[in-house]
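These values consider heavy atoms only, across backbone and side chains, with no hydrogens, waters or symmetry-generated copies. Quick caveat: nothing in here was measured; it's all calculated off a predicted structure.
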Amino acid sequence: MTTANAVRVHNGTLVNSIVHGDCIQVMCQLPAQSVDLILTDPPYLVNFRDRAGRSIPNDRDDSWLKPAFTEAFRILKTNRFMICFYGWSRIDSFLQAWREAGFHPVGHLVFAKDYASRTTFLRYQHEQAFLLAKGHPNAPAAPISDVREFRYSRNKLHPTQKPVSSLIPLIESFSRTGDLVADPFCGSASTCAAALLTGRHFIGIELDEAYHRIAVDRMARIRNRIAAQRLLPKRE
């Protein structure tokens with residue numbers, strides 16, 4: 001297991017880092033109830049391959065599904081949320097794994113696209129995610145809409161890259177400044193980027209070595225941009 005730019009806070013948990021490794025093994029090393037929000041985009045179990053031939057690890061079988069979400073439930077604080085994207089064609093498997101882990105659905109999000117990811121029986125122009133609760137968290141003071149905009153990321157860094165602009169409102173709504181946001185399937189680190197840009201701590205876990213390098217490099221660029229902006233003279 002390797003880490004980048006790690007800082008030990010939150011009961012000894014490695015935060016502000018992208019960890020290279022199997023998310024189940026890595027989460028097993030994290031303290032129970034050490035994470036304030038989980039926002040993640042796991043493999044959809046559809047053996048996805050994009051036009052460039054890129055694929056995603058563990059997208060063929062669901063052997064990892066229940067163990068991963070069991071650990072996710074353990075590390076999440078009580079009365080907090082997990083937001084999880086999923087493949088609609090495998091919803092039975094995902095719901096069973098979430099419920100057996102201890103989560104219960106409290107909302108459903110639809111992200112409308114202005115383009116089609118695929119066209120067969122329909123033009124598939126949306127992504128979807130469940131808002132899942134551990135315990136009985138309070139509702140946000142100003143709930144956001146469950147229909148959200150999804151800007152095309154062009155998937156330059158990852159074949160299923162989520163736009164940071166779509167993740168920021170989720171993090172702002174379901175966590176607080178200074179909280180720890182975890183993404184066990186971090187890909188190119190869109191969740192981690194959104195967390196950093198909103199004043200949260202983060203921990204990302206990525207199995208694929210190439211995507212891990214991309215994620216680490218991306219977070220370094222974002223940190224550099226933030227640091228450069230802080231050095232700019234303030235306008236009167």
Side-chain angles (χ1 to χ4, degrees), residues 23 27 33-46 62 65-66 68-114 117 122 124-153 160-187 190-195 197-204:
C23 71
M27 285 191 287
Q33 302 207 52
S34 58
V35 169
D36 298 291
L37 172 68
I38 297 174
L39 172 54
T40 193
D41 180 28
Y44 286 2
L45 307 177
V46 294
D62 63 0
L65 196 61
K66 292 180 182 179
F69 287 115
T70 298
E71 283 303 309
F73 185 85
R74 185 187 66 82
I75 68 172
L76 184 66
K77 292 178 181 178
T78 301
N79 299 329
R80 294 296 185 120
F81 297 99
M82 177 174 73
I83 304 168
C84 188
F85 288 83
Y86 68 94
W88 63 265
S89 63
R90 298 298 303 272
I91 182 56
D92 292 347
S93 297
F94 279 95
L95 273 175
Q96 183 179 5
W98 294 331
R99 285 177 167 144
E100 288 187 8
F103 292 105
H104 58 99
V106 294
H108 188 254
L109 295 144
V110 175
F111 299 83
K113 301 177 179 179
D114 60 5
S117 298
L122 296 168
Y124 299 101
Q125 290 187 225
H126 78 280
E127 295 284 340
Q128 59 285 316
F130 264 100
L131 176 65
L132 301 145
K134 176 179 179 177
H136 302 282
N138 295 325
I144 61 175
S145 171
D146 61 358
V147 179
R148 314 296 307 166
E149 181 185 23
F150 192 96
R151 296 181 181 177
Y152 186 28
S153 69
T160 61
Q161 183 179 338
K162 298 297 183 286
V164 173
S165 61
S166 295
L167 305 183
I168 283 177
L170 307 180
I171 290 175
E172 291 178 331
S173 185
F174 298 108
S175 68
R176 297 182 288 266
T177 300
D179 277 356
L180 175 59
V181 179
D183 185 351
F185 305 90
C186 84
S190 291
T191 291
C192 301
L197 292 169
T198 54
R200 277 71 168 167
H201 298 290
F202 67 87
I203 179 168

Does [X] reach the side chain of [Y], with side-chain heavy atoms less than 4.5 Å apart?
X: Pro42; Y: Phe94; result: yes
X: Phe69; Y: Cys84; result: yes
X: Phe130; Y: Phe85; result: no
X: Ile83; Y: Leu109; result: yes

On a heavy-atom basis, which atom in [X] and which in [Y] lie closest, and how many Å separate them?
X: Ile38; Y: Pro184; answer: CG2-CD, 3.9 Å
X: Leu45; Y: Arg90; answer: O-NH1, 3.2 Å
X: Val181; Y: Thr191; answer: CG1-CG2, 3.9 Å

With ring-ring contact (aromatic ring centres under 6.0 Å, His included) as the test, would you mind laying out the steps for Phe103 and Phe73 before giving the verdict?
CA-CA 7 Å; Phe103 292 105; Phe73 185 85; 5.1 Å; yes
Judged by modelled atom types alone, do Glu149 and Ser166 share a side-chain donor-acceptor pair under 3.5 Å?
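Not at all, the side chains of Glu149 and Ser166 share no donor-acceptor pair under 3.5 Å.
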Quick check against the 3.5 Å criterion: does [X] have a side-chain atom that pairs as donor or acceptor with the backbone of [Y]?
X: Arg148; Y: Val110; answer: no
X: Lys162; Y: Thr160; answer: yes
X: Lys134; Y: Leu76; answer: yes

side-chain contact (heavy atoms from CB on, under 4.5 Å) between Ser93 and Leu65: does it pass, once the steps are laid out?
CA-CA 8 Å; Ser93 297; Leu65 196 61; 3.8 Å; yes
Quick one: list whatever passes salt bridge (charged side-chain N to carboxylate O under 4.0 Å, His left out) with Arg176, sequence neighbours left out.
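For Arg176, no residue satisfies salt bridge (charged side-chain N to carboxylate O under 4.0 Å, His left out) once neighbours in sequence are set aside.
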